[in-house]
Number of protein chains: 2
Amino acid sequence: MKAVSPYCGPDGEILTIWLGLANNQFGRQRKRHEKILVPISPTETAKMHSNSVTINDIADRAGVSKSTVSRVLNSSSPVHEDKRKAVMEAMKTLGYQPNVFARSLAGGRSMTVGVSTQSVGSPFYDAVAQGVINGFAGTGYSPLFGNGQWQRDLQREVIRTLIGRRVDGLVLIGGNVELEDLNELSQKTPTIMVGRQLPGWEGRSIFIDNVDAGRVATKHLIEHGHRDIAIFKGNIDHPDAIGRYEGYCMALEKAGIALNPELVYQGDFHSQSGVLGVEQLLAKGTHFTAIFAANDMVAFGARLALSRRGIRVPEEVSIVGFDDQPEAALMTPPITSMRQPGFEMGEAAASTLMGLMRDESIEIPHLPAELKIRESVARIR
Amino acid sequence: MKAVSPYCGPDGEILTIWLGLANNQFGRQRKRHEKILVPISPTETAKMHSNSVTINDIADRAGVSKSTVSRVLNSSSPVHEDKRKAVMEAMKTLGYQPNVFARSLAGGRSMTVGVSTQSVGSPFYDAVAQGVINGFAGTGYSPLFGNGQWQRDLQREVIRTLIGRRVDGLVLIGGNVELEDLNELSQKTPTIMVGRQLPGWEGRSIFIDNVDAGRVATKHLIEHGHRDIAIFKGNIDHPDAIGRYEGYCMALEKAGIALNPELVYQGDFHSQSGVLGVEQLLAKGTHFTAIFAANDMVAFGARLALSRRGIRVPEEVSIVGFDDQPEAALMTPPITSMRQPGFEMGEAAASTLMGLMRDESIEIPHLPAELKIRESVARIR
DNA sequence: TGTTGCCATGAAAGCGGTTTCTCCTTATTG
DNA sequence: CAATAAGGAGAAACCGCTTTCATGGCAACA
């Protein structure tokens with residue numbers, strides 16, 4: 001974004017380039033074998049400013065055909081060193097940026113990947129999205145975003161739009177589109193799923209084992225002497241919520257603790273659920289010494305509700321959250337939480353997808369959930 | 001994504017279309033004036049599946065030229081009702097989706113907007129980004145993201161890339177690129193700035209008045225009897241931080257309270273700053289009864305540090321945060337915070353930019369910061 | 001009835017690249 | 001030394017769509 005002047009490259013350095021003489025009187029092209037300066041013509045200056053230097057301008061300036069320029073650009077077939085250099089110099093001088101659209105139209109690849117998010121402020125999914133953006137940074141691929149809002153038809157619409165834009169690949173973050181649709185879809189476009197486990201998608205989906213994570217979180221409470229452990233479940237049809245609940249049940253069973261339906265609160269992933277869950281337990285007079293929350297927001301809500309009621313955490317009630325969002329470590333007391341490596345999962349999605357698009361054999365890194373132990377769980381007396 | 005069968009549209013409904021006879025023996029085109037079914041040919045089926053139905057296919061099926069199809073598509077010039085209908089039907093039957101690249105290449109508009117974020121988990125900026133995504137949903141524009149990471153050269157690179165992709169407009173969320181560069185840039189591409197105040201950008205930048213917000217937040221503390229109000233400043237060169245500090249000074253001055261440098265802690269926008277700020281005040285033995293934090297994360301850090309030291313909030317020390325991220329309401333006690341309507345700002349950016357791109361006269365809605373009063377501020381005895 | 005002029009529409013020329021095809025040079029081989 | 005292979009580079013076709021240009025038909029006007 002500096003001022004552009006003849007003889008200078010975009011960074012202000014003096015340029016020397018090959019003088020190219022196209023179509024001289026001998027009918028064939030020639031180049032002189034000394035380096036000299038070729039001023040940037042007024043026409044060229046105008047083009048540079050309006051950002052419309054084309055491959056033809058480069059070809060003219062370098063004294064070659066546009067085929068050759070294209071070859072240099074893609075190193076798709078060998079080009080004589082002299083010409084290659086001339087082309088490079090011309091591109092640098094004129095600040096050439098290939099037109100992505102022309103390229104995609106002709107070449108078939110768009111260098112764009114579609115990302116379908118669900119969003120609306122879910123810290124975990126936001127972290128994944130950030131990881132994806134980050135993972136594609138500097139790779140030549142640009143991520144195109146669409147927002148599914150956890151609504152099936154909207155998600156389908158988003159995916160349609162993305163495919164309509166001829167994305168080379170697709171990252172789906174969460175969502176609940178039917179497996180059948182996804183299968184059909186992924187035949188046409190390389191697709192990676194994040195945060196959702198699907199049969200037949202091994203190697204193409206990145207997720208943590210919610211069942212096991214739920215089991216570990218519950219086990220942690222049991223190991224601290226708790227037996228009356230409440231669970232605040234997430235949305236009833238959400239696979240993550242279902243998995244975590246399953247893990248909860250497994251841990252209880254293994255410890256020989258009977259499942260008490262009174263201790264199961266069916267909520268969602270919002271903080272309000274934490275508040276309501278606590279209120280309900282208290283209203284019913286159910287005895288509990290610990291809460292396993294659907295996620296951190298729910299845990300925060302629960303913690304607040306307990307404090308409102310004058311119940312101390314962790315002395316009277318212990319809490320385990322899920323996701324380990326940054327704020328968990330800042331609560332009073334800091335909340336023990338099952339960490340999902342969202343950012344890393346997003347990055348992994350990006351690199352895996354790039355492998356997939358290149359038809360390489362890919363392997364998904366194992367990204368385990370990890371219990372971050374802090375101060376919201378106390379040993380029961 | 002349903003199975004595609006002849007006679008059926010993408011949604012499975014039975015279609016009736018005009019029979020188009022192209023180039024019949026009379027040399028001119030004809031259409032019959034009764035509706036009949038035209039089966040989808042095997043060739044067409046193949047194309048539908050590989051997502052490569054082109055304008056030519058539509059033209060053939062509808063018995064018109066592709067010029068006419070294009071006219072229908074863009075309603076750029078009047079088309080006879082009969083033909084228009086035939087074209088519409090053909091598009092529906094074949095599930096036509098225009099190729100964005102061809103369109104952009106030929107037409108000049110890409111129907112894409114660039115969004116430059118800074119990210120790395122700043123709740124406020126994430127909210128803005130969400131608002132932007134949301135604001136463009138369903139408008140035909142797709143947002144393309146790039147990540148500037150608060151690094152000047154990276155931001156420039158991102159903007160270059162976005163422009164290289166021929167975005168029709170640009171939303172810049174935060175950042176610290178030089179004004180000069182921005183001015184040059186925005187001559188070529190319609191640009192909206194979010195979260196940053198720039199001279200000469202009135203009407204094109206959406207931000208809250210940080211000075212006033214800082215003033216109001218401080219005034220709130222003063223009104224509760226506080227006089228020894230510590231401020232934890234954000235990054236030293238960050239305009240938001242500077243503005244808020246300025247407001248803090250103004251409020252003090254107006255109340256006739258001398259500025260005490262001991263009470264000014266120069267930190268950044270991370271929670272760690274809150275912890276360190278408190279530690280430093282305590283170490284120095286500086287007397288303070290309130291803290292105005294750079295943002296909520298800092299406030300959370302401060303609150304935690306105070307609790308570690310056994311200092312009660314708000315009984316002994318009051319806290320005001322900034323941003324009002326969702327977790328602020330869930331802290332114990334819930335933190336009073338200056339709300340920045342990030343999501344709404346993002347949405348406003350989207351709609352303003354669309355106006356700008358259409359050359360309409362635009363007006364930026366007034367989005368004020370608002371103090372969310374909760375329980376972290378107590379009246380001093 | 002012979003002009004004028006507008007409408008609707010098809011043909012064709014780009015848009016800026018990639019890729020195939022062809023041809024001309026050189027190096028390799030018997 | 002003739003014959004063949006291989007390498008390098010230009011011409012031209014093509015990607016799917018928009019837009020200009022040209023034209024034929026038809027209503028309006030004198």
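Throughout, protein chains are lettered first and strands after them, A, B, ... in sequence-line order, and every chain is numbered starting at 1. We use all heavy atoms of the structure for the numbers below, so side chains are in, but hydrogens, waters and symmetry mates are not.
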If the cut-off is 4.0 Å, is [X] near the phosphate of [N], judged by side-chain N/O to OP1 or OP2?
X	N	value
B:Arg103	D:dT18	yes
B:Ser70	D:dT19	no
B:Asn56	D:dG16	no
B:Lys83	C:dG10	yes
B:Asn99	D:dC15	no
A:Ser65	D:dG10	yes

Original post:
Hey, is the main chain of B:Arg166 close enough, under 3.5 Å, to the side chain of B:Ser110 for a donor-acceptor pair?
Top reply: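 Yes, the answer is positive, given that a donor and an acceptor are paired below the 3.5 Å cut-off.
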Original post:
Is the backbone of B:Asn183 close enough, under 3.5 Å, to the side chain of B:Ser186 for a donor and an acceptor to pair up by distance?
Top reply: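 Confirmed, B:Ser186 side chain pairs with B:Asn183 backbone.
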Original post:
If you measure from the Lys or Arg side-chain nitrogens to the Asp or Glu carboxylate oxygens, is any gap between A:Arg61 and A:Glu89 under 4.0 Å?
Top reply: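 No.
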Using the side-chain heavy atoms of [X], tell me which of these nucleotides is nearest: [options].
X	options	answer
B:Ala106	C:dG10, C:dG17, D:dG16	D:dG16
A:Ser67	D:dC15, C:dA13, D:dG10	D:dG10
B:His80	D:dG8, C:dG10, C:dA8	C:dA8
A:Tyr96	D:dC17, C:dG10, C:dG17	C:dG17
A:Lys66	C:dG10, C:dG17, C:dG14	C:dG17
B:Arg71	D:dC21, C:dT18, D:dC17	D:dC21

To the nearest angstrom, how far is [X] atom [atom1] from [N] atom [atom2]?
X	N	atom1	atom2	result
A:Met111	C:dG16	CE	P	21 Å
A:Asp57	C:dG16	CG	P	9 Å
A:Met91	C:dG17	CE	C1'	14 Å
A:Phe101	D:dT18	CZ	P	14 Å
A:Glu81	D:dG8	CD	C1'	14 Å
A:Leu105	C:dG14	CG	P	17 Å
A:Arg84	D:dG7	CZ	C1'	15 Å
A:Ile55	C:dG14	CD1	P	18 Å

**OP:** Report the residue (A:Ala102 or B:Pro78) whose heavy-atom-nearest nucleotide on DNA chain C is the more 5′ of the two.
**Re:**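 That would be B:Pro78.
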Original post:
Quick one: CE on A:Met193 to OG1 on A:Thr352, what's the gap to the nearest 0.5 Å?
Top reply: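 Rounded to the nearest 0.5 Å, the CE-OG1 separation comes out at 14.0 Å.
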**OP:** Check the pair B:Arg84, B:Thr68 against side chain to side chain donor-acceptor pair (under 3.5 Å), reporting the backbone distance first and the verdict last.
**Re:** CA-CA 8 Å; B:Arg84 143 178 241 85; B:Thr68 302; over 6 Å; no
**OP:** Test B:Arg165 against A:Asn99 for side chain to side chain donor-acceptor pair (under 3.5 Å), laying out the working first.
**Re:** CA-CA 7 Å; B:Arg165 293 200 164 235; A:Asn99 180 316; over 6 Å; no
**OP:** Tell me which of B:Val100 and A:Thr68 sits closer to the 5' end of DNA chain D, going by the nucleotide each one is nearest to.
**Re:**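 The residue whose closest nucleotide sits nearer the 5' end is A:Thr68.
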Original post:
How would you label the contact of A:Val69 with the nucleic acid (heavy atoms, under 4.0 Å): base, sugar-phosphate, or nothing?
Top reply: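 No contact.
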